[in-house]
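Before any comments, here is the structure.
Both ligands and their constituent atoms are indexed starting at 1 by order of listing.
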Amino acid sequence: MAIKSIGIVGAGQMGNGIAHVLALAKYDVVLNDLTQDSLDAAIARIDKNMERQVKGGKISAAEKSDALARITPSLALRDVAQSDLVIEAATENEGIKQKIFDALLPDLKPDTILTSNTSSISITRLASRTDRPEKFMGFHFMNPVPVMQLVELIRGIATDQDTYKACLEVVEALGKTAASAEDFPAFIVNRILMPMINEAVYTLYEGVGSVQSIDSSMKLGANHPMGPLELADFIGLDTCLAIMNVLHDGLADTKYRPCPLLTKYVEAGWLGRKTQRGFYDYRGETPVPTR
Ligand code: NAD
């Protein structure tokens, strides 16, 4: 089945980026969130990010306005359910995601493919609660979506080949590259990336280095474009903690134990860039380490 219309649930940093790239690739997009404020903020963000692409000569002003016109913000999940493909990109919490799929089911077209942008939650388990586990898979974009080249495609145990092929075609239409991953906790990228970030937080917690020395070490010593703590702030510390918990619970190995300092930051509501404070404080002109 050729995909033409795509519904996105959750218009946060991932949802708005996904809407951005899909609309530029000429898909009709319905973007859903819980409040009008979230939808307005998402559209404003997409507008701003596309404007940057216009200024940089990557897209024309006409392509920008065409793409924006293809995005329909909606508070009604029913509007999302009528799409050929649904990409769920809400908060990384299994209960929230399950409720979204439960609410979508009654209004879905028979052929609609359901996917989740989850960073770590079992695709097979999410799929098993729906009426179409064979038409369910993981569609995992990287952040920031307009910039990052990779999309992980994760098959649940029941996912059929037609579903995989339909999703692969979407990835290719975006000019991105797909990596196929099996459905084990955190898939490929986060299985490797999150324990590194968690280890960086332990390195800070144990006083081996400061925020600045840890980030400089990995940038200059391992040639990483961002330091691990800077990257954690960018991803969101709540998302990092949620993924470590999924690894810890799902693989039952103490090497995935979330660092207590990461938990402490999340308890404080210091979630990184999105709340203006994390391992750095972003409220001034330049980020200042918080430890
Ligand atoms: P975010 O906090 O920026 O956005 C989540 C959005 O979901 C919020 O706008 C929230 O209002 C909305 N939401 C919550 N419950 C909802 C509901 N019931 N119906 C509709 N909308 C609802 O989070 P994010 O970083 O965009 O992450 C979203 C998903 O993408 C998560 O599953 C996360 O693991 C995954 N992901 C995140 C990253 C990253 O780097 N942040 C990368 C890849 C994948």
Side-chain angles (χ1 to χ4, degrees), residues 7-21 30-46 49 73-81 83 86-105 107 114-123 125-126 137-154 171 176 179 181 185-194 196-197 226 228 230-247 250 266 269 271-276 278:
I8 303 168
V9 185
Q13 51 178 346
M14 294 308 289
N16 80 59
I18 297 167
H20 174 139
V21 297
V30 177
L31 183 58
N32 165 266
D33 206 300
L34 293 172
T35 63
Q36 192 58 44
D37 281 356
S38 312
L39 290 176
D40 292 347
I43 298 294
R45 164 69 53 190
I46 295 168
N49 288 343
S74 171
L75 290 171
L77 259 189
R78 179 188 293 265
D79 295 336
V80 169
S83 311
V86 174
I87 302 177
E88 173 281 310
T91 312
E92 185 73 347
N93 173 300
E94 191 160 341
I96 291 176
K97 292 183 187 296
Q98 281 178 348
K99 279 198 188 120
I100 290 169
F101 288 116
D102 288 350
L104 280 167
L105 285 186
D107 298 314
L114 292 177
T115 67
S116 174
N117 186 50
T118 177
S119 304
S120 59
I121 297 167
S122 164
I123 297 301
R125 204 162 56 232
L126 288 173
M137 64 183 296
F139 206 125
H140 184 216
F141 287 89
M142 308 293 132
N143 186 18
V145 181
V147 175
M148 299 296 278
Q149 185 61 30
L150 186 77
V151 178
E152 272 181 300
L153 289 180
I154 305 110
V171 175
K176 296 193 185 288
F187 321 126
I188 298 173
V189 173
N190 285 315
R191 168 78 177 258
I192 299 169
L193 180 63
M194 283 304 155
M196 184 199 73
I197 286 177
M226 288 173 97
E230 196 187 351
L231 178 58
D233 276 358
F234 184 71
I235 294 167
L237 303 190
D238 51 341
T239 299
C240 294
L241 180 61
I243 298 171
M244 284 313 297
N245 279 324
V246 167
L247 281 167
V266 173
L271 307 181
R273 278 186 179 268
K274 62 185 169 186
T275 57
Q276 302 251 294

Reported [atom1]-to-[atom2] distance for the pair [X] and [Y], which is rounded to 0.5 angstrom:
{"X": "Met14", "Y": "Thr91", "atom1": "CE", "atom2": "OG1", "value": "13.0 Å"}
{"X": "Ile154", "Y": "Ile121", "atom1": "CD1", "atom2": "CD1", "value": "11.5 Å"}
{"X": "Phe187", "Y": "Thr118", "atom1": "CZ", "atom2": "OG1", "value": "5.5 Å"}
{"X": "Met142", "Y": "Gln149", "atom1": "CE", "atom2": "CD", "value": "11.5 Å"}
{"X": "Asn93", "Y": "Lys99", "atom1": "CG", "atom2": "NZ", "value": "8.0 Å"}

Salt bridge (Lys or Arg N to Asp or Glu O under 4.0 Å) partners for Asp102, two or more places apart: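 Per chain and number, Asp102 pairs via salt bridge (Lys or Arg N to Asp or Glu O under 4.0 Å) with Arg129.
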
Shell of residues surrounding ligand 1, defined by a 4.0 angstrom heavy-atom cut-off that is strict: Val9, Gly10, Gly12, Gln13, Met14, Asn32, Asp33, Leu34, Ala89, Ala90, Thr91, Glu92, Ile96, Lys97, Ile100, Asn117, Thr118, Ser119, His140, Phe141, Asn143, Ile235, Thr239, Lys274

